[in-house]
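Below is one structure, written out as structure tokens, with a few remarks after it.
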Amino acid sequence: MGNALEQLKLETKDDAKLYGCIKELYEQGVPFEELKGLIPDIKRTREQLHMKRMLQNNNEVLLSMFSREMSFLLDAKERQEEEQFKKLDQLIRQQQSYRKSAAQSGPVSKLKQLFLPT
């Protein structure tokens, strides 16, 4: 038994967690040869899980960055629209004030001043 465990320890290459799992299975009666065959599969599965976790983390980071960027762009668009509305409002007020002053100095206004002195 000691030799088989030493062999498993070599197979797991200083991977304490993996060795612990394999040792437990060995002590429960799973034959050494079967365990030896399982080691590469377990390592590959764990690497795949690790990759999956990394990809999920990357996706979360990317989503967070994307959402911040979108939020920034939407804010910028709103500010731009607000500026356009302000400019439009100023133009309308300007036009109204031109019309008002034109009406005050127009011919009808002059006639009123002549015939209806204040």
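The shown structure was predicted, so the numbers you read here are calculated from the model rather than taken from an experiment.
With rounding to the nearest 0.5 angstrom, the CG atom of L25 is 13.5 Å from the CZ atom of F32. Atom CG of D15 sits about 9.0 Å away from atom SG of C21, to the nearest 0.5 Å. Note that CG of D75 is 11.0 Å distant from CD of E82, once rounded to the nearest 0.5 Å. Distance check: K23 NZ to Y26 OH gives 11.5 Å after rounding to the nearest 0.5 Å. Expressed to the nearest 0.5 Å, how far CG of N58 lies from CE of M51 amounts to 9.0 Å.
For the pairing with L91, the side-chain contact (heavy atoms from CB on, under 4.5 Å) check across R93, K87, Q94 returns one residue only, Q94.
Heavy atoms from other residues, nucleotides or ligands lying under 6.0 Å from CD of Q56 number more than 12.
The shortest distance between side-chain heavy atoms of R46 and L18 falls below 4.5 Å. Between K77 and E81, the closest side-chain pair of non-hydrogen atoms falls below 4.5 Å. Side-chain contact between E33 and L35 is absent, with no heavy atoms from C-beta onward closer than 4.5 Å.
Through ILVMFWY side-chain contacts below 4.5 Å, L74 is grouped with nothing and stands alone.
Using modelled atom types, one finds a donor on one side chain and an acceptor on the other under 3.5 Å when comparing S64 with R68.
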Compile the donor-acceptor pairs under 3.5 Å between side chains in residues 37-44 and protein atoms, sequence neighbours left out, one pair per line.
residue : atom : partner : partner atom : Å
D41     : OD1  : R44     : NH2          : 2.4

